[in-house]
Amino acid sequence: MTEKKVRVRFAPSPTGYPHIGNIRTALFNWLFARHSGGSFILRIEDTDQSRKVEGALEAILNSLKWLGLNWDEGPEVGGDYGPYFQSERLDLYQKYARQLLETGNAYKCYCSPERLDQMRREMVERKESGRSYDRHCRDLSPAQQAEYESQGITPVIRFKVPLEGQTTFHDLVRGDITFDHSELDDLVLLKSDGYPTYHLANIVDDHFMEISHIMRADEWLSSTPRHVLLYRAMGWEPPLFAHLPMILGPDKSKLSKRHGATAVTEFQKQGYLPKAMMNFMALLGWSLDDKTEIFSRDELIKYFSIERISSTAAIFNHEKLNWMNGLYIREMPAEELSKQIMPVLESDLPASVPRPISEEYTMQVIPLIQERINTLGEAASYADFFFLGDELEYDPALLIAKKTDKESTLKALKAGLERLLSINEWNHDSLEGSLRLLAEEQGTKAGQLFSPLRVACTGRTASPGLFETMAVLGREKCLRRIEVAINKLANG
RNA sequence: GGCGCAUUCGUCUAGGGGUCUAGGACAUCGCCCUCUCAAGGCGGAGAUCGGGGGUUCGAAUCCCCCAUGCGCUACCA
């Protein structure tokens, strides 16, 4: 058996921003190519001029780059099978549409959109087959054709689907699938504007680009018999097919804008890590075994296989993504993390914080929030008090710990302030040592002293460890904030 | 309406006739750790494998029927 070289493609159309489902398809193709030492090709299917969306192409390219899904052939990198934009290959499609015409596998259709529309509506009422077109133009005589031509009608070219029989093809994920020809319409191959439809362009390109495996979303399964028929009519060998399970929103419908931020660029913006994203997406419809779920990029490449792609649609689970992203954040070297968080802080911190923020200082802050954030985008809300001035905004009532009152809180703050004033070395250990000792001397529980100090220094009741926080904030800022707190409480 | 695909804890999944009184993960709950919040550790609850028929000594696993969901049914991809 001759093993064909693996050549797979991701073929998006620039009609919108790629969401997690689109990119998951790209990922599977890329993984398969890398796993088998083949090529990953990016082809842009821009045959629908009316649905083109500004910026969509850039978003597609950027999403792939962000995840490190590099393509061997396609836009920007070129290749021997180009061009890689379908809009630049029009003559090719026209040539093969003409060929099909000549071999009697296709015909010109002059029917108006209105007539087609009418028939479609009638089909629904008929409650019979799924075919709506009545094949009116399929067997037109030359005279009739000439008649239509003389009326100035630009025809479309339709494929002649065999009237009887059925087509069976093998899907690598789902097995053998059979469709009756009687269910298939004579699909349009070439539109009246001279552009091909998806079906024509797709098979012509996959053939000439020598694509070995077509891995695409499940929504294409129903049109695969048409494609197989088309390959046969051309006299070409079809590639292997693998239809991937769809990714659904929480309401179980096809993923779309309605489901919130599902565009990959949006995840990037919110501070998800490409590594986590890749790991997470790989598990949407694929698994290695019953327990492994953390995979590096190299492990994914090593273990990926079509056999282990599942056939059931998956609902996109945002909570698990958050968890996984947090995992990757915690694993990151603090230095690397700060480098990535710096720009986030620069943009998210309140305007009152002077810019640029200190890299050295940020480096000290990061380890304290590292295990508390799940996305880079959460950094500012967890760390803002490290950068704010002496006056923090908070409800003075927060200073009063549970089961204590205003008087004892005031007393604790004052005692704490006094003790801190006398501290020699302002670091974690000495802070902890002297404050614990103070609590003991006063005969109070540690929390009754630490809690008001925490609120005074950070403006909140939940924060990173008190002593490491105070150590990073520094003596001056802590002392002043405690003074402010005492005043707030006394006058409040 | 027609056709196709799918159907295991709330969610992602493991499982491909006996080792399944169905395993793992997220979320959830409890405990431990602890200055708070996290992180981490431990443990609990959670699926009679969509329903019904078969086949078999034996079925989540094979077959059939039904139900439900999704997809397609465009001169969109």
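In what follows, chains carry the letters A, B, and so on, assigned in the order in which the sequence lines appear, proteins first and then strands, with residues in each chain numbered from 1.
Contacts of A:Pro196 with the nucleic acid, taken as non-hydrogen atoms under 4.0 Å apart, involve only primed sugar atoms and P, OP1 or OP2. Using a 4.0 Å heavy-atom distance criterion, A:Cys111 is classed as a base contact. At a threshold of 4.0 angstrom between heavy atoms, the contacts of A:Ser287 are confined to the sugar-phosphate backbone, with no base atom among them. Among the protein residues, A:Leu466 comes within range of the nucleic acid bases, having at least one heavy atom under 4.0 Å from a base atom. Note on A:Pro464: a base of the nucleic acid sits closer than 4.0 angstrom, heavy atoms only. Contacts of A:Ile177 with the nucleic acid, taken as non-hydrogen atoms under 4.0 Å apart, involve only primed sugar atoms and P, OP1 or OP2. Note on A:Phe280: nothing from the nucleic acid sits closer than 4.0 angstrom, heavy atoms only. A:Gly465 comes within 4.0 angstrom of a nucleotide base, judged by non-hydrogen atoms across all strands.
In the interface, the side chain of A:Arg454 is paired with the base of B:C35 through a donor and an acceptor atom under 3.5 Å apart. Judged by distance alone with a 3.5 Å cut-off, no donor-acceptor contact links the side chain of A:Ser223 to the base of B:C72.
In this structure, CZ of A:Arg460 is placed 12 Å from C1' of B:U36, rounded to the nearest angstrom. Put simply, CZ on A:Arg131 is 15 Å from P on B:G4, counting in whole angstrom units. When the C1' atom of B:C35 is taken as reference, atom CG of A:Leu435 falls 10 Å away, rounded to whole Å. Protein atom CG of A:Leu438 is 15 Å distant from nucleotide atom P of B:C35, rounded to whole Å. Rounded to a whole Å, the CD1 atom of A:Ile20 is 14 Å from the P atom of B:C12. As rounded to whole Å, 14 Å separates atom C1' of B:A77 from atom CG of A:Leu187. Note: NZ (A:Lys402) to P (B:C35) measures 15 Å, nearest angstrom. Separating the CZ atom of A:Phe316 from the P atom of B:G10 is a distance of 20 Å, rounded to the nearest angstrom.
Heavy-atom minimum distance, A:Pro225 versus A:Phe169: CD-CE2, 3.7 Å.
Figure legend. B:C33 is base-paired to no nucleotide; pairs are counted as Watson-Crick or G-U wobble with both atom distances under 3.5 Å. Here B:A67 sits opposite B:U7 as a Watson-Crick or G-U wobble pair (both hydrogen-bonding atom distances under 3.5 Å).
For the residue pair A:Gln49/A:Asp193, the side-chain donor-acceptor check at 3.5 Å is not satisfied. Counted by atom type alone, A:Glu114 and A:Gln118 present zero donor-acceptor pairs between their side chains at under 3.5 Å.
The side chain of A:Leu221 lies closest to B:G4, out of B:C72, B:A74, B:G4.
No option in A:Thr265, A:Ile60, A:Leu67 other than A:Leu67 meets the side chain to side chain contact (heavy atoms under 4.5 Å, CB included) test with A:Ile23. For the pairing with A:Asp186, the salt bridge (charged side-chain N to carboxylate O under 4.0 Å, His left out) check across A:Arg158, A:Arg138, A:Lys160, A:Arg131 returns one residue only, A:Arg138.
The aromatic ring centres of A:Phe208 and A:Tyr96 sit less than 6.0 Å apart.
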